[in-house]
Amino acid sequence: MNNKVDVVILGGGLAGLGLSIQLKRMDPALHVVVVERQRHPAREAAFKVGESTVEIAAHYFGHVLGLREHLDGDQIRKFGFRFFFSDGVASIDRCTELGVSKLLPMTSWQLDRGRFENFLGERARELGVVFLDGATVKHLDPASGDDLHAVEFEREGVTTRLEARWLVDAAGRASLLKRKFDLAEDNPHDVNAAWWRVDGIVDPNLWSRDNDWLQRCTPPDRWRSTNHLCGRGYWAWMIPLASGMHSIGIVADGAAHPLEHIKTHALAMAWLREHQPALAKLLDDPRHAVQDFRFLRHFSHGCRQVFSGDRWAITGEAGLFLDPFYSPGSDFIAIGNTYICDLIRRDRAGTLFAPYAAIYQQLIDSFFDNTMTLYRGQYALFGDARVMPLKVIWDYTYYWSLLAPLFTGDRITDIAMLGKLRPALDRATALNIAMQMLLRTWGECNGAPLPPQDGPLLDQFLIPWFHELNRALTDPPQDDATFRERIASNVALMERLALQLLDEARKDHRDIDDAGLSALLVDVAPGEPLLQASWVA
């Protein structure tokens with residue numbers, strides 16, 4: 001190994017190894033070194049979270065990194081998100097269920113993080129990445145101008161010094177560069193998590209003997225979904241892993257459900273017996289032996305800067321982390337890594353890249369802030385079987401209309417196109433901010449959650465426009481005019497959906513504060529309802 005290299009990546013997890021593969025696929029001549037503290041191979045069903053992928057991450061891993069064969073053969077195809085509004089209810093088949101009856105067109109996967117990162121390490125080495133596992137960083141000396149960055153690490157008792165033109169921190173919550181430059185940014189989103197893995201697949205179909213309930217999904221395998229059990233101020237997850245284990249987690253607003261109530265396995269199980277007794281009963285089966293347990297306090301965090309004209313960058317949890325609801329973590333890895341690759345590409349070509357570092361910083365900050373509106377102050381809604389399904393439809397629509405097509409359509413680094421789309425993006429942002437405030441107020445006006453509603457399935461697969469939004473994410477990149485028309489059409493769809501949701505809120509509460517939404521929609525024609533009566537009754 002040469003001691004002067006092109007790129008040193010600190011951290012060999014999902015973000016770091018993914019970036020190394022992306023860089024080598026972009027430019028095989030790049031000399032890339034990954035320094036990872038943990039030994040490989042990692043154990044399967046590792047302690048890490050981030051097992052559920054959604055559309056941006058699925059496109060990134062499958063298409064951008066070229067890993068589709070592994071994902072199809074060695075991971076689990078996800079049966080979408082599924083939500084049960086089931087706080088304190090043992091008979092979950094009597095509760096409102098939100099999800100799909102059949103697979104939507106865009107494929108996504110459940111990731112066994114240990115298995116996946118072992119594969120990423122092997123693939124990186126095949127491409128010529130120098131992947132040094134079992135190596136501990138001892139000293140960082142980031143440079144400025146044209147000077148080289150310096151990294152010292154210890155591996156097998158030997159201390160090595162590397163000099164690199166580019167330095168990337170992908171070391172997770174160790175946040176090496178964030179700490180070095182004092183870039184931590186307070187985040188008022190006060191939510192905590194506890195999670196663990198158990199042996200065997202935890203099958204939701206064991207919750208019922210009602211054949212109609214069991215068979216209303218095709219195929220009838222709810223276990224492949226990211227299952228969410230929702231209540232006021234919290235949600236619990238169930239995610240299957242290809243190694244034959246199941247990931248279980250609780251995510252809760254700190255004010256409503258303090259971390260002290262769930263921070264050990266015994267406490268978490270006691271909490272489940274109160275709030276999600278059907279899941280607790282399944283987990284009491286001795287075949288579901290506990291493999292690990294961890295908790296994390298106030299996990300959401302920001303970072304003042306993740307891209308620098310001085311040729312350093314931060315990606316993954318080392319920089320930004322939102323909330324695990326809707327599984328955006330790997331999405332932001334995909335976006336951040338793509339921006340880093342573009343900066344390095346421009347530098348390698350001898351063109352100006354520092355201005356793009358500033359632009360990409362503005363963009364990722366905007367994506368982070370806009371996505372945070374889906375979570376901040378909204379956890380009280382999670383147990384509302386009336387409003388929360390409508391919020392989920394809105395949140396999906398917002399994501400599939402803008403950020404997802406920008407990435408899957410290969411436009412995330414197209415500054416000229418983003419400039420042309422600015423009015424449409426600003427319009428969609430204003431609609432979303434007003435809608436999130438309306439949804440929060442609507443839930444507050446509703447008060448206590450509804451009792452179980454005899455088990456209706458709110459089937460997203462049967463909403464034609466919703467299905468088409470998802471399918472369009474599989475389209476190949478489009479020419480400029482077609483892509484702009486697509487985004488304009490998506491924003492118009494958001495306007496119509498916002499108008500219908502506002503009308504429904506007013507039916508429930510005539511004088512509800514609409515947060516300025518009506519003013520934004522004053523010129524929007526209603527048209528045919530986008531959601532039929534079964535959704536809004």
Side-chain angles (χ1 to χ4, degrees), residues 51-52 76-103 110 194-241 244-252 257 262 265 268-291 324-325 382-386 388-389 392 449-462 534:
E51 297 147 324
S52 173
I76 292 174
R77 182 171 182 181
K78 192 169 86 173
F79 198 4
F81 284 145
R82 192 168 301 277
F83 306 84
F84 297 94
F85 299 93
S86 51
D87 182 64
V89 179
S91 301
I92 287 187
D93 57 355
R94 292 187 56 236
C95 298
T96 298
E97 177 183 1
L98 169 64
V100 290
S101 59
K102 300 178 183 178
L103 288 165
Q110 312 285 23
W195 67 95
W196 61 104
R197 251 73 57 155
V198 299
D199 285 343
I201 296 300
V202 182
D203 190 353
N205 275 3
L206 296 176
W207 286 330
S208 180
R209 296 182 179 178
D210 183 326
N211 193 58
D212 289 340
W213 189 86
L214 294 172
Q215 297 299 321
R216 67 187 184 189
C217 297
T218 308
D221 48 4
R222 289 178 174 88
W223 66 270
R224 288 196 293 123
S225 297
T226 299
N227 284 291
H228 302 67
L229 308 183
C230 300
R232 188 176 183 87
Y234 78 89
W235 59 285
W237 79 65
M238 302 165 59
I239 300 174
L241 306 179
M245 299 187 188
H246 224 94
S247 175
I248 307 295
I250 300 167
V251 186
H257 302 274
I262 59 172
H265 180 254
M269 286 299 298
W271 187 94
L272 283 178
R273 289 187 183 96
E274 177 183 356
H275 292 282
Q276 294 294 338
L279 174 56
K281 184 177 180 181
L282 290 183
L283 295 178
D284 281 335
D285 187 323
R287 290 173 294 182
H288 296 313
V290 178
Q291 294 299 312
F325 197 73
F382 283 16
D384 192 325
R386 163 70 167 144
M388 190 60 188
V392 169
L450 293 170
Q453 299 295 302
D454 297 323
L457 170 64
L458 299 176
D459 190 352
Q460 298 160 322
F461 185 86
L462 298 179
S534 60

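The analysis underlying the following values was restricted to heavy atoms, covering all of them including side chains, and did not include hydrogens, waters or symmetry mates.
- Listed for the H288 side chain is a donor-acceptor partner under 3.5 Å among the backbone atoms of D199.
- In terms of heavy-atom proximity, L283 sits nearest to V198 at CD2-CG2, 4.2 Å.
- Residue pairs satisfying the salt bridge (charged side-chain N to carboxylate O under 4.0 Å, His left out) criterion with at least one member in residues 223-237, sequence neighbours excluded, are listed as follows: D221-R224.
- Under the 3.5 Å distance criterion, the side-chain polar atoms of T96 are left unmatched by any main-chain donor or acceptor of P456.
- Between I250 atom CD1 and Y234 atom OH the span is 9.0 Å, to the nearest 0.5 Å.
- Under the side-chain hydrogen bond (donor to acceptor under 3.5 Å, both in side chains) test applied with T226, the options E51, R82, Q110 reduce to a single match, Q110.
- Nearest heavy-atom pair, A90 versus A278, reported as atom, atom and distance to 0.1 Å: O-CB, 3.5 Å.
- At least one donor-acceptor pair closer than 3.5 Å links the side chain of N205 to the backbone N or O of P220.
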> So M388 and F83, side chain to side chain contact (heavy atoms under 4.5 Å, CB included) or not? Walk me through it.
Replying inline: CA-CA 10 Å; M388 190 60 188; F83 306 84; 5.5 Å; no
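- With sequence neighbours excluded, the residues that form a side-chain contact (heavy atoms from CB on, under 4.5 Å) with C95 are S86, V89, P452.
- Of the possible donor and acceptor atoms, none in the side chain of H228 sits under 3.5 Å from a partner among the backbone N and O of W237.
- When side chains are defined from C-beta on, I248 does not count as touching R197, because their heavy atoms never get closer than 4.5 Å.
- With rounding to the nearest 0.5 Å, the separation of CZ in F461 from SG in C217 is 11.5 Å.
- Under the salt bridge (charged side-chain N to carboxylate O under 4.0 Å, His left out) criterion, the residue pairs touching residues 203-218 are E97-R216, with sequence neighbours excluded.
- With hydrogens and angles ignored, the 3.5 Å screen pairs no side-chain donor or acceptor of H257 with any backbone N or O of A252.
- Closest approach of M269 to D284, counting heavy atoms only: CE-OD1, 3.6 Å.
- For the pair L229 and W207, the tightest heavy-atom approach, listed with the atom from each and the gap, is CD2-CH2, 3.8 Å.
- One distance of note links CG of L103 with CZ of R77; it measures 4.5 Å at 0.5 Å rounding.
- Heavy atoms only, all atoms of each residue included: P389 and D384 are closest at CD-O, 3.6 Å.
- The two residues W223 and V202 come nearest to each other via the heavy atoms CB-O, 4.2 Å.
- Taking OG of S101 as the reference point, atom CD of Q215 lies at 12.5 Å (rounded to 0.5 Å).
- W235 places no side-chain N or O within 3.5 Å of a backbone atom of F382 that could act as its donor or acceptor partner.
- With values rounded to the nearest 0.5 angstrom, F79 atom CZ is found 10.0 Å from K102 atom NZ.
- Atom CD1 in I92 sits 7.5 Å away from atom CG in L279 (nearest 0.5 Å).
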